[in-house]
Amino acid sequence: MIQSRRALLKSALVMASGAAVSACASRTIGTTMASAAPAPVPPRIQPAHAATLGEAPKVAAQARIMPAGIRPELFKRATAALDRHSMRVDTHDRIAIADFSKSSAEARFFLVNMGTGEVEPLLVAHGIGSDPGHTGVLQRFSNAINSEATCEGAFLTADYYVGKHGDSQRLIGLDPTNNNALARAIVIHSAWYANPDMIAKHGKLGRSQGCFAVGERQLAKVFERLGPGRMIYAAKA
């Protein structure tokens, strides 16, 4: 076999050094599934629109518009998080903001079109560990594994899968306050206890195990509006 000039030079360098060294490393990420079925292998998270090094993220062409129905200070915090994580959140045309200062009886999961300012408010449940007395109001956030609590901060929407709650979407926590989201299986899924009729019957939604659980008829809309590679921002203050 005739080697290329490059290959011959490489061989010469290796012989001159008198040794060839190779190394490899592997890391296994263990996951504790909370409100979704355990995956047989750790998920390979690579959003469809993942930004590459040196490549500017895709942003909405229009200037940001303050959306109606969202607290201005919360929107400013969300957009600051979007800027802060811009190299990981590749697509900025739409985001979701979860305002956990509101009770679960109120629409508090906002799908925001960043170009037009249009907002679609939806119901969303919070975690058992965030509201142990089931008051309908989130009392605290937690990033701890097995806490069954909602965690706060910026999330990157990742891949879809089918788990014990049916169609679901994994989330990657981007902040120290939610960086266990993947290990805890904090995901988006639908649930009967997040349907609007729960409010008529009980005055509040049921609770998840920390996931963003939306109504069964709303999941397709959430998936369509967000898809992989966009940001969800969750906060209370």
Side-chain angles (χ1 to χ4, degrees), residues 29-43 45 96-110 122-199 201-223 226 228 231-236:
I29 303 174
T31 61
T32 301
M33 304 303 281
S35 61
V41 295
I45 303 299
I97 299 176
D99 185 355
F100 286 111
S101 69
K102 297 176 177 289
S103 77
S104 65
E106 301 176 78
R108 55 183 181 174
F109 189 73
F110 302 99
L122 304 174
L123 296 169
V124 67
H126 54 250
I128 295 171
S130 289
D131 182 17
H134 201 185
T135 65
V137 178
L138 182 143
Q139 306 296 323
R140 69 183 185 94
F141 291 109
S142 178
N143 190 34
I145 292 175
N146 296 326
S147 68
E148 296 190 327
T150 298
C151 47
E152 63 181 325
F155 300 80
L156 177 67
T157 58
D159 63 318
Y160 302 104
Y161 71 102
V162 179
K164 73 176 184 178
H165 295 288
D167 294 335
S168 305
Q169 184 174 27
R170 291 185 174 95
L171 300 175
I172 301 172
L174 302 178
D175 292 320
T177 53
N178 65 0
N179 58 11
N180 285 330
L182 186 59
R184 295 179 58 205
I186 301 301
V187 304
I188 302 172
H189 66 76
S190 65
W192 60 268
Y193 57 76
N195 289 334
D197 64 346
M198 291 294 293
I199 298 172
K201 294 176 182 177
H202 306 286
K204 57 197 170 189
L205 298 182
R207 297 164 296 170
S208 70
Q209 291 176 292
C211 292
F212 293 87
V214 299
E216 292 169 307
R217 294 185 178 181
Q218 301 302 323
L219 185 65
K221 177 186 290 187
V222 175
F223 284 175
L226 295 179
M231 189 191 79
I232 297 173
Y233 185 75
K236 181 175 180 178

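Predicted, not measured: the structure shown is a model, and the values here were computed from it.
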Compare all side-chain heavy atoms of [X] with those of [Y] and state whether any distance is below 4.5 angstrom.
X      : Y      : answer
Leu171 : Phe212 : yes
Phe109 : Ile232 : yes
Ile199 : Leu205 : yes
Val124 : Val214 : yes
Arg217 : Pro196 : no

For the residue pair Thr150 and Gly127, what are the closest heavy atoms and their distance? OG1-N, 2.8 Å
In Å and rounded to the nearest 0.5 Å, what is the [atom1] to [atom2] distance from [X] to [Y]?
X      : Y      : atom1 : atom2 : value
Tyr233 : Asp175 : OH    : CG    : 7.0 Å
Ser190 : Asn195 : OG    : CG    : 8.0 Å
Trp192 : Glu216 : CH2   : CD    : 9.5 Å
His134 : Lys204 : NE2   : NZ    : 4.5 Å
Leu219 : Ser168 : CG    : OG    : 7.5 Å
His126 : Arg207 : NE2   : CZ    : 7.0 Å

Given 3.5 Å as the limit, does a donor-acceptor pair link the side chain of Ser130 with the main chain of Arg140, or not? yes
Closer than 3.5 angstrom, by distance alone: can the side chain of Asn180 be matched with the main-chain N or O of Ala144 as a donor-acceptor pair? no
Determine the sole option in Thr157, Ile186, Asp159, Ile188 for which the side-chain contact (heavy atoms from CB on, under 4.5 Å) test with Arg170 is passed. Asp159
With a 3.5 Å cut-off and no angle check, do the side chains of Ser147 and Arg184 form a donor-acceptor pair? yes
